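Quantities reported herein were computed from a predicted structural model and do not represent experimental measurements.
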Amino acid sequence: AVVSTQSTGDVMNWKETAVVISAFLSIPLATYVASKLQILSKAEEVEDGEAIERVLLFPDGGYQCNYWTAGDCRFPECRMLHHVTNKTRLKQVLQAAEETIDVCMFVTSCAVLLDTLIEAHKRGIRVRIVCDDMRISGSQFKIADAGLAVRVDNSQALMHHKFVVIDGRVLMSGSYNWTASGAAYNRENMFVTTERRVVAQFAAEMEKLWAMFEGSTEVQYEPLSSSSMLKNRFVHRIRETSRR
C-alpha cells in the first residue's frame with residue numbers, strides 16, 4: 001500500500017470513487033476512468049513488499065534537534081524540530097541495509113546521510129557511490145577518506161540520477177539531492193518501493209554506470225580553476241584510499 005507522510009483522512013476504494021466521478025462525467029468517460037481506478041486498486045493489493053511502501057515529501061521545514069533525538073533537549077527556546085523528519089526516515093531506510101547500498105546521486109553533500117553510509121561501510125555493508133564531477137564539494141572528501149567505493153561521471157553530460165538501491169530489494173528515488181538545505185527547505189520528494197520489476201531496472205542502471213565509469217578516478221582534470229583542482233584532489237583521494 002502507498003503510505004505518504006502527509007496523507008490524512010480515509011481513502012475511498014475504486015468503486016466508491018467511480019460512483020462519485022460518474023455524477024460529473026459522461027458515461028463512456030466515467031467507464032474509462034473507473035477501469036483505470038480498478039487497475040490501480042489491484043496494483044495496491046499485491047503482496048507485502050510488492051508495492052510502494054512510503055512517499056517522503058519535503059521540505060521538513062527545518063532541522064531535527066539532535067538533543068531531542070537523544071531524548072534530552074533542555075532548551076525551552078530551541079528552534080530546531082522536535083519531531084521525526086523525512087530526512088531521518090530516509091536515513092532509517094539506509095540503516096536497515098543488511099548487505100549492500102548502491103547510491104547514484106547527482107549531489108551528495110549532506111553530512112548526516114554521508115555519515116550513515118560511512119557507518120554502514122564500517123559494519124561491513126558494501127557501499128558503492130556514483131556521483132557527478134560537476135558537483136564535487138569538500139564534504140564528499142569524508143567518503144573518500146573512509147574508503148568507500150566511488151566512481152565519478154567525468155563525461156560532458158550530467159549524471160543527474162537520484163536513486164539508491166539497498167540489498168537489491170529496496171529502491172529510493174525521487175527529486176531530492178542529498179543536501180541538508182534541500183531536505184529542510186526545498187519542495188522535493190523521494191519514494192521507497194520494493195516492487196521487484198522497478199527495483200531491478202534501477203539496479204541494472206547502477207551496474208551499467210558502475211562499469212561505464214571504471215577508471216574514472218585515474219582522470220586528471222586540467223587545473224584551470226579551483227573547481228578543477230578540487231576534482232583532482234577528490235579523485236586522487238579516492239584512488240589512494242582504494243589501494244590501501
Test of understanding: with side-chain hydrogen bond (donor to acceptor under 3.5 Å, both in side chains), list the residues that count as partners of H160, not counting sequence neighbours.
K162
Taking only residues two or more places apart in sequence, or in another chain, which ones meet T85 in a side-chain hydrogen bond (donor to acceptor under 3.5 Å, both in side chains)?
Q64, T88
What pair of heavy atoms forms the shortest contact from M190 to G174, and how long is it?
SD-N, 3.5 Å
Within the side chain of D153, is there an N or O that forms a donor-acceptor pair under 3.5 Å with the backbone of D132?
no
Qualifying residues under side-chain contact (heavy atoms from CB on, under 4.5 Å), relative to A120, sequence neighbours excluded:
I101, R123, I125, V127
As an exercise, state the distance from CG of L56 to OH of Y176, rounded to the nearest 0.5 Å.
10.5 Å
Test of understanding: clusters of I, L, V, M, F, W, Y form through side-chain heavy atoms closer than 4.5 Å, transitively. Do V198 and L209 belong to the same one?
yes
Distance from Q201 atom CD to E195 atom CD, nearest 0.5 Å?
9.0 Å
For residues I118 and M105: do they belong to one hydrophobic cluster (side chain heavy atoms under 4.5 Å, members Ile, Leu, Val, Met, Phe, Trp, Tyr)?
yes
Of all pairs that satisfy salt bridge (charged side-chain N to carboxylate O under 4.0 Å, His left out), the ones with a partner from residues 62-75, not counting sequence neighbours:
D72-R74
Heavy-atom closest pair (P59 atom, A184 atom, distance to 0.1 Å) is CB-O, 3.2 Å
side-chain contact (heavy atoms from CB on, under 4.5 Å) involving D167 - partner list, sequence neighbours excluded:
A97, E98, E99, T100, R169
Residues in ring pair (Phe, Tyr, Trp, His ring centres under 6.0 Å) contact with H121, at least two apart in sequence or another chain
none
With sequence neighbours excluded, what pairs up with A200 under the side-chain contact (heavy atoms from CB on, under 4.5 Å) test?
none
Given a cutoff of under 4.5 Å between side-chain heavy atoms of I, L, V, M, F, W and Y, with clusters grown through shared members, what are the other residues clustered with Y63?
M80, Y185
According to ring pair (Phe, Tyr, Trp, His ring centres under 6.0 Å), who are the partners of F163, at least two apart in sequence or on a separate chain?
H161, F202
About how many Å separate CD1 of I129 and CE of M206, when rounded to the nearest 0.5 Å?
8.5 Å
Closer than 4.0 angstrom, basic N to acidic O: yes or no for E77 and R79?
no
Is it true that E205 and K208 make a salt bridge, defined as a side-chain N closer than 4.0 Å to a carboxylate O?
yes
Apart from L81 itself, members of its ILVMFWY cluster (side-chain separation under 4.5 Å) are none
side-chain hydrogen bond (donor to acceptor under 3.5 Å, both in side chains) partners for D60, two or more places apart
none
Can you tell me if S175 uses its side chain to pair, donor with acceptor, with the backbone of N189 under 3.5 Å?
yes
Side-chain heavy atoms nearer than 4.5 Å, only ILVMFWY residues, links allowed to pass through others: does that put V165 and F191 together?
yes
Qualifying residues under side-chain hydrogen bond (donor to acceptor under 3.5 Å, both in side chains), relative to R187, sequence neighbours excluded
none
